[in-house]
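Quick note on labels: first sequence line is chain A, next is B, and so on, each numbered from 1.
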Amino acid sequence: MVASSSSLNAAVVDWYALHARALPWRRDSTTAWHVLVSEVMLQQTPVERVTPVYEEWTSRWPTPSALAAEPSGEAVRAWGRLGYPRRALRLHAAATAIRDRHDGVVPEDVDELRALPGVGEYTAAAVAVFAYGHRHAVLDTNVRRVLARVFDGTALPAPGLTAAERAQALGVLPDDRSTAARWSIGVMELGALVCTARSPRCGVCPVREWCRWYDAGRPAYDGPLRRTQTYAGTDRQCRGRLLAVLREVEGPVGGEVLRAVWEDATQRERALDGLLDDRLVALVGDDLYALPD
DNA sequence: CATGCGTGGCT
DNA sequence: TAGCCAAGCAT
């Protein structure tokens with residue numbers, strides 16, 4: 001396997017050079033701040049839905065300082081329907097930290113990146129690699145799936161990221177920084193376009209000849225079950241409904257407007273309390289609510 | 001390590 | 001059609 005790594009790497013790098021999508025965050029003019037914005041937006045949200053919001057955000061807030069100068073509620077409003085709006089709040093907090101602690105420049109160091117709100121292991125590595133060209137293993141769900149199939153012969157990786165996976169990813173990472181960066185983005189793109197979760201296109205896969213999963217006849221996933229997330233009727237849906245009201249109006253809204261969008265009073269109040277706790281919503285008067293400052 | 005956290009499209 | 005899935009993070 002080690003002996004074939006370089007051809008595997010080359011196959012992916014070459015494939016990416018031919019098939020990479022022209023995504024907005026892959027332009028020559030893209031800054032590290034833009035990369036950070038795109039990565040946070042892409043956490044659990046599909047590319048097609050991120051694209052228009054990314055364009056609006058980067059045009060309106062071209063630098064961390066520009067975003068930090070605005071109320072956090074504006075970030076939440078501009079987040080639109082991307083989902084998980086705490087990400088907008090954290091991006092605003094990250095922008096503030098970058099302005100205050102890093103002279104307005106997105107840090108290159110993964111540990112400094114990880115210290116930013118909303119930036120975890122994946123996002124820190126992604127910014128270090130895609131924005132700055134550093135050499136790090138980038139392990140998102142796409143990469144994990146490709147590696148699981150090629151090296152372990154399993155349809156999907158286990159639910160949690162393991163130390164063994166990190167070691168495996170480092171083991172196949174090319175030594176040369178520039179090549180490593182192209183491999184990292186390439187294997188991720190391969191997972192997004194070819195080695196997909198539902199219907200992998202093995203017929204056009206550039207690494208099929210090295211794939212244990214393909215060799216084994218593409219056996220179904222038989223590992224521990226992932227818990228399926230219900231949504232209808234949950235607190236999450238209720239929170240989403242309440243926040244949508246506040247996003248769509250200019251100023252504060254009275255509690256009666258919020259009461260109108262969710263029947264169950266107990267759940268509605270629990271959800272609103274949660275939003276207040278999370279600082280996604282602010283209480284600005286007697287029974288009066290608004291997006292935060 | 002398990003859980004909560006939005007939203008919408010696809011099979 | 002009801003899950004399943006989508007460039008995770010924080011606690």
Side-chain angles (χ1 to χ4, degrees), chain A residues 16 20-21 23-26 30 34-54 76 79-91 93-94 113-131 136-147 155-163 169 184-193 195-200 220-221 224-247 262 267 270-271 273-275 277-281:
Chain A
Y16 182 77
R21 290 167 292 178
L23 298 172
W25 42 89
R26 290 179 181 169
T30 300
H34 299 157
V35 171
L36 176 58
V37 169
S38 74
E39 291 301 338
V40 172
M41 288 182 173
L42 287 163
Q43 292 167 5
Q44 303 282 279
T45 303
V47 165
E48 316 77 63
R49 273 201 284 149
V50 164
T51 305
V53 182
Y54 167 86
V76 173
W79 196 252
R81 307 190 66 82
L82 287 185
Y84 294 143
R86 294 196 287 201
R87 291 181 292 165
L89 226 43
R90 291 179 181 143
L91 211 32
L113 284 163
R114 279 225 51 173
L116 297 172
V119 177
E121 178 175 345
Y122 162 75
T123 303
V127 172
V129 173
F130 304 151
H136 289 287
V138 179
L139 279 163
D140 78 324
T141 189
N142 290 306
V143 175
R144 293 186 63 213
R145 186 174 55 249
V146 173
L147 298 184
L156 296 172
L161 179 59
T162 65
S184 295
I185 188 66
V187 71
M188 201 161 84
E189 188 81 338
L190 187 66
L193 297 182
C195 193
T196 60
R198 296 283 187 89
S199 43
Y221 176 74
L225 244 46
R226 304 109 181 288
R227 33 172 282 132
T228 165
Q229 51 164 6
T230 55
Y231 183 61
T234 59
D235 284 10
R236 271 152 100 165
Q237 185 184 30
C238 184
R239 286 167 56 107
R241 194 79 65 80
L242 296 174
L243 198 59
V245 171
L246 292 170
R247 272 200 316 263
W262 197 264
Q267 187 175 34
R270 184 171 64 239
D273 283 345
L275 289 169
D277 280 348
D278 291 345
R279 306 289 179 158
L280 279 164
V281 174

Touch class at under 4.0 angstrom, heavy-atom based, for A:Ala197 against every strand present: sugar-phosphate
Distance (rounded to the nearest 0.5 Å) between A:Glu189 CD and A:Asn142 CG: 8.5 Å
Touch class at under 4.0 angstrom, heavy-atom based, for A:Trp25 against every strand present: base
Residue whose nearest DNA chain C nucleotide is more 5′ - A:Gly118 or A:Glu39: A:Glu39
Sugar-phosphate only, base, or nothing, as touched by A:Val119 at under 4.0 Å among non-hydrogen atoms: sugar-phosphate
Rounded P spacing from B:dG8 to C:dC9 in Å: 23 Å
Crowding at CZ, A:Arg26 (>12 non-hydrogen neighbours, <6.0 Å): yes
Nearest-angstrom distance from the residue atom CZ of A:Arg279 to C1' of B:dC5: 18 Å
Rounded interatomic separation in angstrom, taking CG from A:Leu242 and C1' from B:dC5: 14 Å
Side chain to side chain, A:Thr30 and A:Val35, heavy atoms closer than 4.5 Å: yes
5' precedence on DNA chain C between A:Arg26 and A:Pro117 (nearest-nucleotide basis): A:Arg26
Among A:Arg236, A:Gln43, A:Gln44, the one residue meeting side-chain hydrogen bond (donor to acceptor under 3.5 Å, both in side chains) with A:Tyr84: A:Arg236
A:Glu121 CD to A:Thr123 OG1 distance, which is reported to the nearest 0.5 Å: 10.0 Å
Sugar-phosphate, base or nothing in reach of A:Arg145, heavy atoms under 4.0 Å: sugar-phosphate
Side chain to side chain contact (heavy atoms under 4.5 Å, CB included) partner of A:Met41, chosen from A:Thr51, A:Leu36, A:Leu82: A:Leu82
Contact pattern, 5' to 3', of nucleotides 6-11 of chain B - B, S or - by protein heavy atom under 4.0 Å: BBSBBS
Span that lies between the C1' atom of C:dA7 and that of B:dA2, in whole angstrom: 23 Å
Sugar-phosphate, base or nothing in reach of A:Glu121, heavy atoms under 4.0 Å: sugar-phosphate
Contact check, side chains of A:Arg81 and A:Arg247, non-hydrogen atoms, under 4.5 Å: yes
First-last contacting nucleotides on DNA chain C - partner chain A, under 4.0 angstrom, heavy atom: C:dG3 to C:dA10
Sugar-phosphate only, base, or nothing, as touched by A:Arg270 at under 4.0 Å among non-hydrogen atoms: nothing
Intermediate values then yes/no, side chain to side chain contact (heavy atoms under 4.5 Å, CB included), A:Val47 and A:Val50: CA-CA 5 Å; A:Val47 165; A:Val50 164; 5.7 Å; no
Length of the CG-P vector between A:Leu89 and B:dC5, whole Å: 15 Å
Selection residues 36-45 of chain A - residue pairs positive for salt bridge (Lys or Arg N to Asp or Glu O under 4.0 Å), sequence neighbours left out: none
